[in-house]
A.B. asks: 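I have a structure here, written as structure tokens, and I will follow up with some questions on it.
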Amino acid sequence: MMALARKGLFVTGTDTGVGKTFVTAGLARCLLDRGIRPGVFKPVETGCALRRGKRIPRDGAFLKHMAGATEPIEEIVPYRLAAPLAPQVAAEKEGVRIQIQRIHRAFLEISSRHPYTLVEGAGGILVPVTRKYTMVDLMRQCNLPVLLVSRIGLGTLNHTLLTLFYLAQHGIPVAGVVLNDPDGRRDPSARTNPSMLAQWSSVPILGTIPHRGGIRTTRASADEIARRVGRHVKVDGMLR
Ligand SMILES: Nc1ncnc2c1ncn2[C@@H]1O[C@H](COP(=O)(O)OP(=O)(O)OP(=O)(O)O)[C@@H](O)[C@H]1O
Ligand SMILES: [Mg+2]
């Protein structure tokens, strides 16, 4: 087992659908391949379909699979909500009261059992979780450095810098940024995104993941996702 200075990462994104699950799951598998069995945690998942009377959190299930986790899915994803909306809205719609303390206890439970824990947020950093708390409050509560996944393309400088400046202002440490291309639009800005981000921010860019058609964050793409994250992201730099 490798000696670890930090105990994990809170993976967030500039938006929904940027590749948080892709990167988190890929990292989980890369750690497993290095002999580290990571804990995985997704505090709230919305848009969970009903299967045999149970709400199935697809991101959480995929993270569990990639990390080889043995915890029941209800521990990995304490809140599993139906509506494909922000957590606060989905919870209010179902009459569920999201308790920040319960999320914290569930996180401590998992992180205490593993040498390294990967948390996937929902949406971006200011997504409302309850009437009083946003994803930033959960980051603070987990006390893990943030890994920001940004979408390559036009608009990403604005979204990435907004996110980084807000996190810095609120004292949340950032481990780095991973640029990902979930849609493969072949935008001309893709070439200049990394150098522009490096010029405008001091946060390390830990990888740039190109698009590859036909990949989904499901078991069928598990090996491919692990390979791509292993090849394009500085996993060892992240662990140090
Ligand atoms: N580099 C890539 N190449 C091809 N497809 C990708 C890539 N990155 C992500 N995708 C695909 O884009 C979709 C969105 O990615 P993902 O589910 O990881 O986003 P997310 O940020 O976790 O979204 P959410 O906010 O819903 O949790 C997925 O179907 C995923 O397989
Ligand atoms: Mg996701």
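Just follow the structure's listing: the first ligand is 1, and inside any ligand the first atom is 1.
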A.B. asks: Note the single closest protein heavy atom to atom 12 (O) of ligand 1, along with its residue, its atom name and the distance in Å.
C.D. replies: P182 CB, 3.8 Å

A.B. asks: Does the side chain of R55 come within less than 4.5 Å of L50's, by heavy atoms?
C.D. replies: yes

A.B. asks: Checking a contact table here: which protein heavy atom is nearest atom 4 (C) of ligand 1, and how many Å away?
C.D. replies: R212 O, 3.0 Å

A.B. asks: Could you tell me which non-hydrogen atom of E224 sits nearest to which non-hydrogen atom of I215, and how far apart they are?
C.D. replies: CG-CD1, 3.7 Å

A.B. asks: Checking side-chain polar atoms at under 3.5 Å, does H114 have a donor or acceptor matched by the opposite partner on E71?
C.D. replies: yes

A.B. asks: Is it true that E120 lies under 4.0 Å from ligand 1, counting heavy atoms only?
C.D. replies: yes

A.B. asks: When rounded to the nearest 0.5 angstrom, what is the spacing between OG1 in T208 and CG in L206?
C.D. replies: 9.5 Å

A.B. asks: Determine, using heavy atoms of G47 and all atoms of ligand 1, whether some pair is separated by less than 4.0 Å.
C.D. replies: no

A.B. asks: Is there at least one pair of N or O atoms, one from G17 and one from ligand 1, spaced under 3.5 Å apart?
C.D. replies: yes

A.B. asks: If you measure every N/O of F22 against every N/O of ligand 1, is any gap under 3.5 Å?
C.D. replies: yes

A.B. asks: If you measure from the Lys or Arg side-chain nitrogens to the Asp or Glu carboxylate oxygens, is any gap between K42 and E120 under 4.0 Å?
C.D. replies: yes

A.B. asks: Indicate, as side chain, backbone, both or neither, the part of A122 found under 4.0 angstrom from ligand 1 when only non-hydrogen atoms are considered.
C.D. replies: neither

A.B. asks: Does a salt bridge link D137 with K132, judged by any charged N lying under 4.0 Å from a carboxylate O?
C.D. replies: no

A.B. asks: Which residue owns the protein heavy atom closest to atom 28 (C) of ligand 1, what's the atom, and how far is it?
C.D. replies: T217 OG1, 4.0 Å

A.B. asks: For ligand 1, which atoms, with element, lie under 4.0 Å from some heavy atom of R216?
C.D. replies: 29 (O), 31 (O)

A.B. asks: Could you tell me which atoms of ligand 1, counted from 1 in the order shown, lie closer than 4.0 angstrom to a heavy atom of K42?
C.D. replies: 27 (O)

A.B. asks: Between T160, N180, T163, D15, which is the residue that forms a side-chain hydrogen bond (donor to acceptor under 3.5 Å, both in side chains) with S150?
C.D. replies: T160

A.B. asks: Could you see which bit of E224 sits under 4.0 Å from ligand 1, with heavy atoms only: side chain, backbone, both or neither?
C.D. replies: neither

A.B. asks: So, at under 2.8 Å, which protein N, O or S atoms would a careful student list around the Mg ion (ligand 2)?
C.D. replies: T21 OG1, D59 OD2, E120 OE2

A.B. asks: Look at atom 20 (P) of ligand 1 and say which protein heavy atom is nearest, naming residue and atom and giving the distance to 0.1 Å.
C.D. replies: K20 N, 3.4 Å

A.B. asks: Could you find the nearest protein heavy atom to atom 27 (O) of ligand 1 and give me its residue, atom name and distance?
C.D. replies: D59 OD2, 3.0 Å

A.B. asks: With heavy-atom distances below 4.5 Å as the criterion, would you say the side chains of R102 and Y79 are in contact?
C.D. replies: yes

A.B. asks: For ligand 1, note which part of N180 has a heavy atom under 4.0 Å away: side chain, backbone, both or neither.
C.D. replies: side chain

A.B. asks: Counting neighbours of CZ on R185 that are heavy atoms of other residues, nucleotides or ligands and sit closer than 6.0 Å, is the number greater than 12?
C.D. replies: no

A.B. asks: Quick one: do D181 and R151 make a salt bridge, cutoff under 4.0 Å?
C.D. replies: no

A.B. asks: State whether the number of non-hydrogen atoms from other residues, nucleotides or ligands found under 6.0 Å of R140 atom CZ is greater than 12.
C.D. replies: yes

A.B. asks: For R34, is there an ion pair with D236 - N to carboxylate O distance below 4.0 angstrom?
C.D. replies: yes

A.B. asks: For the 3.5 Å polar cut-off, considering only N or O atoms, please tell me whether R228 and ligand 1 meet it.
C.D. replies: no

A.B. asks: Between R113 and E75, does any NZ, NE, NH1 or NH2 come within less than 4.0 Å of an OD or OE carboxylate oxygen?
C.D. replies: yes

A.B. asks: Using a 4.0 Å cutoff against the non-hydrogen atoms of G19, which atoms of ligand 1 qualify?
C.D. replies: 15 (O), 16 (P), 18 (O), 19 (O), 20 (P), 21 (O)

A.B. asks: So for ligand 1, is D15 a polar contact partner (N or O within less than 3.5 Å, distance only)?
C.D. replies: no

A.B. asks: Of the listed options (I215, T16, D181, V229), which comes nearest to atom 2 (C) of ligand 1 when hydrogens are ignored and any heavy atom counts?
C.D. replies: D181

A.B. asks: Between N193 and T156, does any side-chain donor sit less than 3.5 Å from a side-chain acceptor?
C.D. replies: no

A.B. asks: Verify side chain to side chain donor-acceptor pair (under 3.5 Å) between S111 and T117, making sure each step is shown before the conclusion.
C.D. replies: CA-CA 6 Å; S111 61; T117 303; 4.9 Å; no

